Engineer: 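One structure, as structure tokens, below. Some questions next.
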Amino acid sequence: MKWVSFQPMLRRIFGCSFLPYHDYGKGGRGWRDLWQDCLALLLMDPKNVRDMIIDSFGGVRIDGTNATIIGEKSGEFIADRNNICRVWMDHGLWPFMTTSMYIEQTGDLGILGVKNTYFKDKQTERGTATDEKWTDVLGNTQKDSRGRVHKGTLLEHLLLENLCAFYEVGEHNIIRLRGADWNDALDMAADRGESVAFTCAYAGNLRNLASYILEMKRKRIINTVDIIEEATSLINCEPSIYDDIAKKQAVLRKYLKEVRQTVSGAIVSLDAETVAADLNRKADWIAAQINKNEWVSDSEGNSWINSYYDNSGRAVEGETDNGVRMMLTGQVFALMSKLCSKEQADSIVASAKKYLFDPEIGGYRINTDFGEEKYDLGRMFGFAYGEKENGAVFSHMAVMFANALYKNGRVHEGFECLKALMDSSMNFDKSVMYPGIPEYFNNEGRGLYAYLTGAASWLLMTMVTESFGIKGCKGDLKIEPKLVKEQFDENGQASVSLIFAGKNITVTFENKSGKDYGEYSFEDGTKSMVISRDKLAGTPDELFLRLV
Ligand code: G1P
């Protein structure tokens, strides 16, 4: 774990490159990396994170997409000069995930009211058109019709990212895959592809955004949600059209046309509760849609979520002539966004174990072997099975699966998933790498790209906030250990250090009687405790907590 904590620093310095494996980047960092690296900083070195977050929102475009070429300085983004540009449909998701962790760790809900500019270049209408009138002279910030720079709150930026995604659906009323999603190698289904996996993830964002808006209202940070006038149609639209794909697409198209060059500059104040109710309605609609249409099963009755539609408009997973096809990504985000009932979660967990778990090579593979070069989905099927995004144990997705398992109270399964990664990395004869988390383990269990991976940030975060269970809760410190008995050392102890509220805190749990998760509690009989932020100053830096 010490080495894993160091990996995000290497990644920030070196970008995604400079390792003796070919084919990987030119030293740059992408949009996801930017937001992901912030997660690790929040636990290890949070002092500049607030500014970093605010600056990075300057990369969002008014159409909810974002700049993809990242400059040298914090908040510096470079115009895309391509005539054909790619839009990754998951990009709009990560800023909120990171901002929400920041808010939980610090209690700084006020950050959502801070204003920043929007990015502008010639890519417009979510990368489907070019704004021929735009030139460098006009600069890289979004202007209004009178030529003034438009500044919106971070909340406005987040609403635009998540709402535009909600309306950008394909023929199954699932958010379109566009250039690809988190899985960069799903890059050949831009016309008809849809990502159920990340539609689930957006539903989670919409719900959590709604709860922050209500919390801001309760704390009198805001009374209204202030957004550009053009965007009100994304919020006020009649819920009965959610089922109507054409009408939904039309709502988005109208908005995109209105803001293709400039915004009017008019700001409208919407009632906070109305906006929150609308976001919740949208999230509920997605949950219902997924539960109604996206469950697939095999002939033995195992069932799980179909993660994608391909460029031929077909569901990708389920039982086929080539055997059972299953992908991990949809399962991760259906669980992480808590869209499933307990029984559904049980069947996802059992199916993933059956079809994807291979502890000899790191644990959960990203997909089963499709036995086909599936060019109506992506170049991933051009990789040999077990390499990179095609069937390897792709650490980032495996760690996110663990995180989702913990969030659903599946502590033993979450630990099993992390332990498989850990054991494989430590098995030098097979992994041929120093301890740490690689980007992926291949079919032979060899770890590749031994440190430049976003998986390190997620592993760190998952260990601290889920496994050790130490996390911010609207700024207060919540401690709810979810350690299993193997995680305590020979003295029955397990400890972790982190920076919280400006303090270097070390928490040691002692579990003398060797109890397992579920069996132990704190001495007062409770299983979790919250130390309010104002009491933290008077709390010792070293917390020693007995589990009985
Ligand atoms: C890499 C990319 C990341 C992408 C992932 C899957 O992951 O950096 O943006 O989502 O592949 O295609 P990493 O090297 O961070 O594990």
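Each ligand, and each atom within it, is numbered from 1 in the order the structure gives. The shown structure was predicted, so the numbers you read here are calculated from the model rather than taken from an experiment.
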Engineer: Suppose I only count heavy atoms of Asn183 and a 4.0 Å limit; which atoms of ligand 1 are within that range?
Structural biologist: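 Taking each heavy atom of Asn183 in turn, ligand 1 has 12 (O) under 4.0 Å.
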
Engineer: Quick one: which of Val332, Leu356, Asp358 gives a side-chain contact (heavy atoms from CB on, under 4.5 Å) with Tyr364?
Structural biologist: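 Among Val332, Leu356, Asp358, the one meeting side-chain contact (heavy atoms from CB on, under 4.5 Å) with Tyr364 is Leu356.
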
Engineer: State the atoms of ligand 1, each with its element, that fall below the 4.0 Å cut-off from a heavy-atom position in Asp33.
Structural biologist: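 Those atoms are 8 (O), 9 (O).
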
Engineer: Does only the side chain of Tyr440 get under 4.0 Å from ligand 1, or the backbone, or both, or neither? Count heavy atoms.
Structural biologist: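 Contact part for Tyr440 vs ligand 1: neither.
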
Engineer: Any nitrogen or oxygen of Gln36 lying under 3.5 Å from a nitrogen or oxygen in ligand 1? Just yes or no.
Structural biologist: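 Gln36 vs ligand 1: no N/O contact under 3.5 Å.
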
Engineer: Which of these passes side-chain hydrogen bond (donor to acceptor under 3.5 Å, both in side chains) with Glu168: Gln249, Arg178, Lys248, Arg176?
Structural biologist: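 Of the listed residues Gln249, Arg178, Lys248, Arg176, the side-chain hydrogen bond (donor to acceptor under 3.5 Å, both in side chains) partner of Glu168 is Arg178.
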
Engineer: Could you verify whether a donor N or O on one side chain and an acceptor N or O on the other, from Tyr440 and Glu387, lie under 3.5 Å apart?
Structural biologist: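 Glu387 and Tyr440 do have a side-chain donor-acceptor pair below 3.5 Å.
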
Engineer: Below 3.5 Å, can you tabulate the donor-acceptor pairs from side chains in residues 40-49 to any protein atom, sequence neighbours excluded?
Structural biologist:
{"from": "Asp45", "atom 1": "OD1", "to": "Lys47", "atom 2": "NZ", "distance (Å)": "2.9"}

Engineer: Going by salt bridge (charged side-chain N to carboxylate O under 4.0 Å, His left out), name the pairs with one or both residues in residues 50-59, residues two or more places apart or in two chains.
Structural biologist: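 Non-adjacent pairs meeting salt bridge (charged side-chain N to carboxylate O under 4.0 Å, His left out): Arg50-Asp108.
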
Engineer: We want to know whether Asn390 and Asn367 form a side-chain donor-acceptor pair, criterion being a heavy-atom distance below 3.5 angstrom.
Structural biologist: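 Checked: Asn390/Asn367 side chains pair up, N/O donor to acceptor below 3.5 Å.
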
Engineer: Under 4.0 angstrom from ligand 1, any heavy atom of Tyr449?
Structural biologist: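 Checking ligand 1 against Tyr449, which is what was asked, there is no heavy-atom contact under 4.0 Å.
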
Engineer: Could an N or O of ligand 1 be found under 3.5 Å from any N or O of Thr453, whether backbone or side chain?
Structural biologist: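 In this structure, Thr453 places an N or O atom under 3.5 Å from an N or O of ligand 1.
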
Engineer: Can an N or O of Ala185 be found at a distance shorter than 3.5 Å from an N or O of ligand 1?
Structural biologist: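 No; every N/O pair is 3.5 Å or more apart.
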
Engineer: For ligand 1, which atoms have a heavy atom of Phe394 less than 4.0 angstrom away?
Structural biologist: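 It comes down to these atoms of ligand 1: 5 (C), 6 (C), 11 (O), 16 (O).
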
Engineer: In ligand 1, which numbered atoms sit nearer than 4.0 Å to a non-hydrogen atom of Gly454?
Structural biologist: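 So the atoms of ligand 1 that pass are 13 (P), 15 (O), 16 (O).
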
Engineer: Do Ser307 and Glu317 meet the criterion of a side-chain donor-acceptor pair at a distance under 3.5 Å?
Structural biologist: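 Judged by distance alone, the side chains do pair up.
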
Engineer: Quick one: which ligand 1 atoms are inside 4.0 Å of a heavy atom on Glu389?
Structural biologist: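 What qualifies from ligand 1 is 6 (C), 11 (O), 12 (O).
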
